[in-house]
Amino acid sequence: MDQGSIARILKQVSGGEDEIQQLQKALLDYLDENTETDASLVFSRKFYIAQWFRDTTMETEKAIKSQKDEDSSEGTHHAKDVETTGKIMHRAENRKTFLRSVIKTAPSQFSTLKMNSDTVDYEDACLIVRYLASMRPFAQSFDIYLTQ
């Protein structure tokens, strides 16, 4: 991954959100901007929103499950785990709120929410997609699957 380009995109996309949410917003801006030239981008935009919402839900469920497992074992790191779970839950809720606002906004209205339409070009959009895909659990554990 080209971390320099990712850092440049993050600088261009203003916002106090976390890194993943900023990249998602930049990609959605790009898709919305180019829906007039390629109608399939409307479906791509909807797919990404649905996939990110699902991923956020799964992350929340895993955090709750791990907290329940920790509660049953009553380990010494219990307070630290609860704090970590709380952070995960808060971050997930922020992402869900962002995605809900994007879902409720029509694509034509979404363009008025954009910060800068020149922020992301095709190559940057491809880089964002690769970067976000590398953050998914399957991509992170791919080496394990290959070695097994």
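Everything numeric here is computed off the predicted structure, so don't read it as measured data.
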Heavy-atom check, side chain of [X] versus side chain of [Y], under 4.5 Å:
{"X": "Leu23", "Y": "Leu132", "result": "yes"}
{"X": "Trp52", "Y": "Gln24", "result": "yes"}
{"X": "Leu41", "Y": "Asp38", "result": "yes"}
{"X": "Ile64", "Y": "Glu61", "result": "no"}
{"X": "Leu28", "Y": "Phe98", "result": "yes"}

Ignoring hydrogens, what is the shortest heavy-atom contact between [X] and [Y]? Give both atom names and the distance.
{"X": "Ala63", "Y": "Ile88", "answer": "CB-CG2, 3.8 Å"}
{"X": "Ala92", "Y": "Thr60", "answer": "CB-OG1, 3.2 Å"}
{"X": "Val120", "Y": "Ala125", "answer": "CG1-N, 3.5 Å"}

Give me the other members of the hydrophobic cluster that Met58 sits in, counting Ile, Leu, Val, Met, Phe, Trp and Tyr linked by side-chain heavy atoms under 4.5 Å, directly or via other members.
->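 Besides Met58, the cluster holds no residue at all.
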
With rounding to the nearest 0.5 angstrom, report the [atom1] to [atom2] distance, [X] to [Y].
{"X": "Thr85", "Y": "Lys65", "atom1": "OG1", "atom2": "NZ", "result": "14.0 Å"}
{"X": "Arg136", "Y": "Asp55", "atom1": "CZ", "atom2": "CG", "result": "4.0 Å"}
{"X": "Leu99", "Y": "Ser101", "atom1": "CG", "atom2": "OG", "result": "7.5 Å"}
{"X": "Thr57", "Y": "Lys62", "atom1": "OG1", "atom2": "NZ", "result": "12.5 Å"}
{"X": "Arg45", "Y": "Leu27", "atom1": "CZ", "atom2": "CG", "result": "10.0 Å"}
{"X": "Gln12", "Y": "Leu10", "atom1": "CD", "atom2": "CG", "result": "9.5 Å"}

Under 3.5 Å donor-acceptor, Asn34 side chain and Tyr30 backbone =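 The answer is yes, because a donor-acceptor pair under 3.5 Å joins these two groups.
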
Check for a donor-acceptor pair, side chain of Asp121 on one end and backbone N or O of Asp124 on the other, with a separation under 3.5 Å.
->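 Yes, because the side chain of Asp121 sits within donor-acceptor range (under 3.5 Å) of the backbone of Asp124.
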
So if you build clusters from Ile, Leu, Val, Met, Phe, Trp, Tyr with side-chain heavy-atom gaps below 4.5 Å, do Val102 and Phe43 land together?
->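 Val102 and Phe43: separate clusters.
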
Please determine if Asp18 and Arg91 form a salt bridge, counting it only when a charged side-chain N lies under 4.0 Å from a carboxylate O.
->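 No salt bridge links Asp18 with Arg91.
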
Are Glu19 and Tyr131 linked by a side-chain donor-acceptor pair shorter than 3.5 Å?
->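 The criterion, which ignores hydrogens and geometry beyond distance, is satisfied for Tyr131 and Glu19.
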
Can you list the steps and then say if Arg54 with Glu59 is a salt bridge (charged side-chain N to carboxylate O under 4.0 Å, His left out)?
-> CA-CA 9 Å; Arg54 180 186 168 277; Glu59 180 180 352; over 6 Å; no

CD of Gln51: more than 12 outside heavy atoms within 6.0 angstrom?
->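 Above 12, so yes.
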
Cation-pi, Phe53 ring and Lys96 (6.0 angstrom, 45 degrees) =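 Yes, Lys96 sits over the ring of Phe53.
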
